[in-house]
Amino acid sequence: MAQHNRTRSAVLAAVLTALALLAGGCAEVGGGVRGTPGASGLRDPYFPKLGNGGYDVQHYGLSLAYDPADGRLDGTVEITARATQDLSAFNLDLSGLTVRAATVDGAPAAYNRAGNELTLRPGEEIPEGEEFRATVTYAGVPEPLTDADGSAEGWLRTPGGAVAVGEPAGSMTWFPGNHHPSDKALYDLALTLPAGVDGFSNGVRTARRTEPDGRVTTVWHTAEPMASYLATVVIGRYETGTATALGSVPVLTAAEPSVAPGSAALRGEVPEILDRQAKRFGPYPFSAAGVVVLADGTLGYALETQTRPVFPAASFDRTTLVHELAHQWFGNSVTPRSWRDLWLNEGFATYAEWLYSEEYEQVPARTHFERAFAQDANWAFPPAAPPTAENLFDPPVYQRGAMVLHELRETVGDRVFDEILRGWSAKYRHASASTEDFTAYAEGVAGRDLGDLWEVWLYGDEKPDRP
Ligand code: TRP
Ligand code: ZN
């Protein structure tokens with residue numbers, strides 16, 4: 001949705017157009033639009049090919065049909081986007097699957113696949129600023145990705161179903177899109193499954209209908225902007241519970257039957273934890289909430305999928321629940337501009353654990369800080385500069401990220417620190433933000449230069465002498 005930092009790519013596109021004109025290499029089409037292809041990646045420091053240039057997605061309309069018996073997915077995505085340059089062609093990220101057809105504004109579009117890049121070339125070029133609609137129809141058995149750090153993500157099969165998790169790149173295994181956190185969009189998703197198989201996604205379920213062939217379709221609406229890595233689908237047999245949080249937010253929890261009784265009490269705590277976090281972080285940013293608890297054996301970690309985080313049963317404990325719910329503010333509403341800014345998610349969610357423990361379990365945040373300070377693994381690299389993609393989810397991003405915030409709190413005092421936390425989540429609500437946005441914002445609220453603090457705690461290679 002709202003994209004910042006467009007100036008540089010706009011300038012680049014203009015330069016490329018001028019060069020093409022000089023070289024006489026750009027065919028003039030129709031009334032004189034001279035489009036160029038959108039970039040095939042957004043040059044993320046860790047994943048340069050993720051995302052695509054030349055357009056800004058407003059909305060994804062997904063229709064998915066899945067058969068757990070053979071693992072086959074049939075999908076159509078309708079993308080509503082705005083061109084940010086005169087476009088002759090543009091890319092989507094897609095891994096695996098077979099593309100059957102593509103259209104732009106209702107007319108057939110040529111398409112081509114190369115690696116994880118799907119290129120669509122409309123019959124007519126799209127002028128800068130114009131909104132367009134692209135559809136892609138695709139099918140196949142989705143294959144998960146293995147990340148640089150060895151963890152599995154994407155479309156994962158479970159006994160009798162599947163779960164889709166997309167951080168940082170897995171969403172391209174189940175739908176074509178602009179898969180970078182800097183392009184957030186709204187979503188509507190229709191999920192058609194055999195009778196007796198339940199399906200869940202982000203947001204609120206707005207419809208449930210039986211198809212003429214007996215399959216059942218549920219429709220899910222995501223009313224606030226979402227980065228595609230936070231999209232999820234959970235398919236299988238699940239037991240559900242409902243509640244209300246914060247006076248009006250519908251809470252839907254689901255648990256695989258074998259872990260439903262054991263997780264019921266903690267699932268019941270979701271409204272209270274959200275109430276407590278809203279007091280600390282400011283208004284809850286979304287119009288739906290919940291959790292999904294999976295049987296162990298498929299997913300090795302919890303993920304803060306928007307409005308409805310997913311957990312393997314082994315990770316469904318109060319600390320992890322507090323962590324994933326805190327991500328709804330820090331990560332999901334305020335989303336990292338690039339993957340280098342991930343500590344803005346993980347450092348904040350970890351600090352939310354420390355704050356919760358301080359306030360409700362009588363363990364001072366200072367104690368958590370000292371424990372983290374004492375562990376060598378937390379000092380392997382600075383939180384705002386992980387050395388490689390393999391290290392993105394390593395302890396320094398989480399624990400040293402949280403130490404940055406505690407150090408900030410001790411430097412500016414509790415009152416100003418609280419104002420920074422609440423103001424940060426308000427100022428960048430439903431937007432994308434970078435590390436530099438945060439340091440500038442914190443200095444603005446504190447009314448002083450904090451350069452020494454950032455240099456040592458956020459960017460420094462050395463462990464400071466004493467906590
Ligand atoms: N972002 C998740 C969390 O901390 C965890 C996560 C996502 C993760 N992908 C991962 C952890 C890959 C390790 C490896 O809430
Ligand atoms: Zn996290």
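Only a predicted model underlies this, so the values are computations on that prediction, with no experimental measurement involved. Nothing fancy with the numbering, it's 1 onward along the sequence. Indexing begins at 1, ligand by ligand and atom by atom, following the structure's order.
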* Asked: Do the numbers put R276 on top of the ring of Y360, so that NZ or CZ is under 6.0 Å from the six-membered ring centre and no more than 45° off the axis?
  -> yes
* **Residues in the immediate environment of ligand 1 (any heavy atom closer than 4.0 angstrom)** => D149, S151, E167, Y301, A302, L303, E304, H323, E324, H327, E346, F393, Y398
* Listed by chain and number, what are the side-chain hydrogen bond (donor to acceptor under 3.5 Å, both in side chains) partners of D149, not counting sequence neighbours? -> S151
* Within the side chain of S201, is there an N or O that forms a donor-acceptor pair under 3.5 Å with the backbone of T232? -> yes
* Write down the atom of N178, the atom of D183, and the distance for their closest heavy-atom approach. => ND2-OD2, 2.7 Å
* State, to the nearest 10 degrees, the angle whose vertex is the Zn ion (ligand 2) and whose arms point to NE2 of H323 and NE2 of H327. => 100°
* Sequence neighbours excluded, which residues qualify as salt bridge (charged side-chain N to carboxylate O under 4.0 Å, His left out) partners of R113? -> none
* To do: Taking salt bridge (charged side-chain N to carboxylate O under 4.0 Å, His left out) as the test, write out the residues that go with E269, two or more places apart.
  => R318
* Say whether, by atom type as modelled, one donor and one acceptor occur between the side chain of T320 and the main chain of F316 under 3.5 angstrom. => no
* To do: Could you tell me whether the Zn ion (ligand 2) has an N, O or S atom of E346 under 2.8 Å away?
  => yes
